[in-house]
Number of protein chains: 2
Amino acid sequence: MSKDSPQASWREIRRQNARADLLAAAWDLVREGGLGALSLRELARRAGTTTPTVYAYFASKNDIFDALFAEAAASFERTNARPVIGESPDERLIAHARRFAAFCTSDVPRYQLLFQHVIPGFTPSAEAFAPAIRGLDAARRRLADAEISQPRHVDLWTALLTGLVDQQISNDPDGDRWSRLIEEAVLMFVTHCRDPARSRPIHPG
Amino acid sequence: MSKDSPQASWREIRRQNARADLLAAAWDLVREGGLGALSLRELARRAGTTTPTVYAYFASKNDIFDALFAEAAASFERTNARPVIGESPDERLIAHARRFAAFCTSDVPRYQLLFQHVIPGFTPSAEAFAPAIRGLDAARRRLADAEISQPRHVDLWTALLTGLVDQQISNDPDGDRWSRLIEEAVLMFVTHCRDPARSRPIHPG
DNA sequence: GTCTATAGCTGGATAGAC
DNA sequence: GTCTATCCAGCTATAGAC
């Protein structure tokens, strides 16, 4: 097939580079002004081109968000796949939680795109979503390694971590007022999960 | 002063009513389409008037957001001030957490306006903010009643609750997948706060 | 205070030349 | 594929008549 000829693949590489340049400019834009600041005019201007060229690489603005989501999800999967340092399962869980929080707070628009659903009319495609699912599965496996596998405990885990991250981002964006509570929160969590009877329901059902 | 004459105060009441009508229409709008869906044209249309009339009651769009914020903060304060049913401090804390979660999930845009900072260029005025502060102080007092008063535990409390609320809103808006974990989460929390040595830091500082 | 009309701008998306 | 030029819709906000 002619697509495998050297010339064609060279062109393909060029094309991929132009696409990557546009996406890089898009990340710059949203990191400076939030997800709402992504406009095709400004994006084209920063990439040194014009809006019709943008449409040569992306079908629509939401298609750009989808590509950004895919990159964010891939980063999330890579981050979660890296082995974590710690001698005990609990230490590894703490390190894992710290890494997750750092991933989120270090790039707020990326976090909002991945985990909050704040862009009206945008839903990520299945392909873009897949790595995010795998990243969450990695988190589930790490919990299972610490002998925490009940579904409701997994949900409590995600609520605890995203709660800390959200408060950190919303109320102390340049500090560590909530980030520094991660170790205590994780230990509270694992202690509870291993001995749930200690905090017995008041209204048993 | 002529402002106290019957006619003037009647006019003042009319004026306040028109303002209230506009705010009610604004709430309808954001409840249907999110905070981003508030446009002055559509707001005026729904209130049966036109945009210049809106500007007779509000100086700007952000002034409308400020009025919405003030109403939301006042609701929050009233909700938190109501006594809570429960025989023990823990039961009252659980009821309080349930009420907070219900307050948030029952009106997502109100929650986003009050607790997340998602509107570019808008910061609530000090007057609008004051009742929100008092509402949070009420929460602090309830924690103190349960013998939880360390600042980092208060922060952990807000993170835990907003985490549950956020996950509920973002990932299961019509269900109770995270809301139903409130009691367990609160008991985990109070158990930890009363016996923090049980979940001892791995790296003591 | 309320209207008509519109200024002035920004947005996404496209037609058509090259 | 990349450009110029433009369409069309939406927005906040205001001028000026009544």
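We name chains A, B, ... by the order of the sequence lines, and we start the count at 1 in each one. Values below: all heavy atoms of this structure, side chains included; hydrogens, waters and symmetry mates excluded.
Distance B:Ile119 CD1 to D:dT12 P: 12 Å, rounded to the nearest Å. B:Asp21 places its CG atom 15 Å from the C1' atom of C:dG1, with the value rounded to the nearest Å. The OH-P distance, from A:Tyr57 to C:dA13, rounds to 18 Å in whole Å. Between the CG atom of A:Asn17 and the P atom of D:dG1 there is a distance of 12 Å, rounded to whole Å. With rounding to whole Å, A:Arg19 atom CZ is found 13 Å from D:dT2 atom P. Between the P atom of C:dA13 and the CG atom of A:Asp63 lies a distance of 10 Å, rounded to the nearest Å. Separating the CD1 atom of A:Ile64 from the C1' atom of C:dA13 is a distance of 12 Å, rounded to the nearest angstrom.
With hydrogens and angles disregarded, a donor-acceptor distance shorter than 3.5 Å links the side chain of B:Arg92 to the backbone of B:Glu87. Counting only distance, with no hydrogens or angles, the side chain of A:Arg110 and the backbone of A:Ala72 share no donor-acceptor pair below 3.5 Å. Side chain of A:Ser106 to backbone of A:Phe103: a donor-acceptor contact under 3.5 angstrom is found. Remark: the backbone N or O of A:Ala146 is paired with a side-chain donor or acceptor of A:Arg194 at under 3.5 angstrom.
Using a 4.0 Å cut-off, some side-chain N or O of A:Thr49 falls inside it from OP1 or OP2 of D:dC3. Listed pair B:Thr51 / D:dT12 fails the phosphate criterion, with no side-chain N or O lying under 4.0 Å from OP1 or OP2. Listed pair A:Thr50 / D:dT2 fails the phosphate criterion, with no side-chain N or O lying under 4.0 Å from OP1 or OP2.
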Which atom pairs, one a donor and one an acceptor, fall under 3.5 Å between side chains of residues 129-138 of chain A and the rest of the protein, sequence neighbours left out?
from, atom 1, to, atom 2, distance (Å)
A:Arg134, NE, A:Glu77, OE2, 2.6
A:Arg134, NH2, A:Glu77, OE1, 3.3
A:Asp137, OD1, A:Arg140, NE, 3.4
A:Asp137, OD1, A:Arg140, NH2, 3.2

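At least one side-chain heavy atom of B:Leu29 sits under 4.5 Å from a side-chain heavy atom of B:Arg46. With contacts defined as side-chain heavy-atom distances shorter than 4.5 Å, the pair B:Asn80/B:His96 qualifies. Contact check for A:Leu40 versus A:Ile64: side-chain heavy atoms found under the 4.5 Å cut-off. No side-chain heavy atom of B:Phe189 sits less than 4.5 Å from a side-chain heavy atom of A:His192.
A heavy-atom distance below 4.0 Å to DNA chain C is reached by these residues of residues 29-43 of chain A, ordered by number: A:Leu38, A:Ser39, A:Leu40, A:Arg41.
Terminal axes of the helix from C:dG1-D:dC18 to C:dC18-D:dG1 (five pairs each, C1' rotation axis) are separated by 20°, to the nearest 10°.
Judged as a side-chain hydrogen bond (donor to acceptor under 3.5 Å, both in side chains), the pairs with a partner in residues 118-128 of chain A (not counting sequence neighbours) are, in order, A:Asp66-A:Ser125.
Closest contact between the side chain of B:Tyr55 and the listed nucleotides C:dC3, D:dC3, D:dT12 involves D:dT12. Among the nucleotides C:dT2, D:dT4, C:dA13, the one closest to any side-chain atom of B:Thr53 is C:dT2.
Classification of A:Arg98 and A:Glu183 as a salt-bridged pair holds, one side-chain N sitting under 4.0 Å from a carboxylate O.
Qualifying side chain to side chain contact (heavy atoms under 4.5 Å, CB included) partners for B:Asp172, counting only residues two or more places apart in sequence or in other chains: B:Gln168, B:Arg177, B:Trp178.
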Any N/O pairs under 3.5 Å between the protein and nucleotides 16-18 of chain C? List them or say none.
none

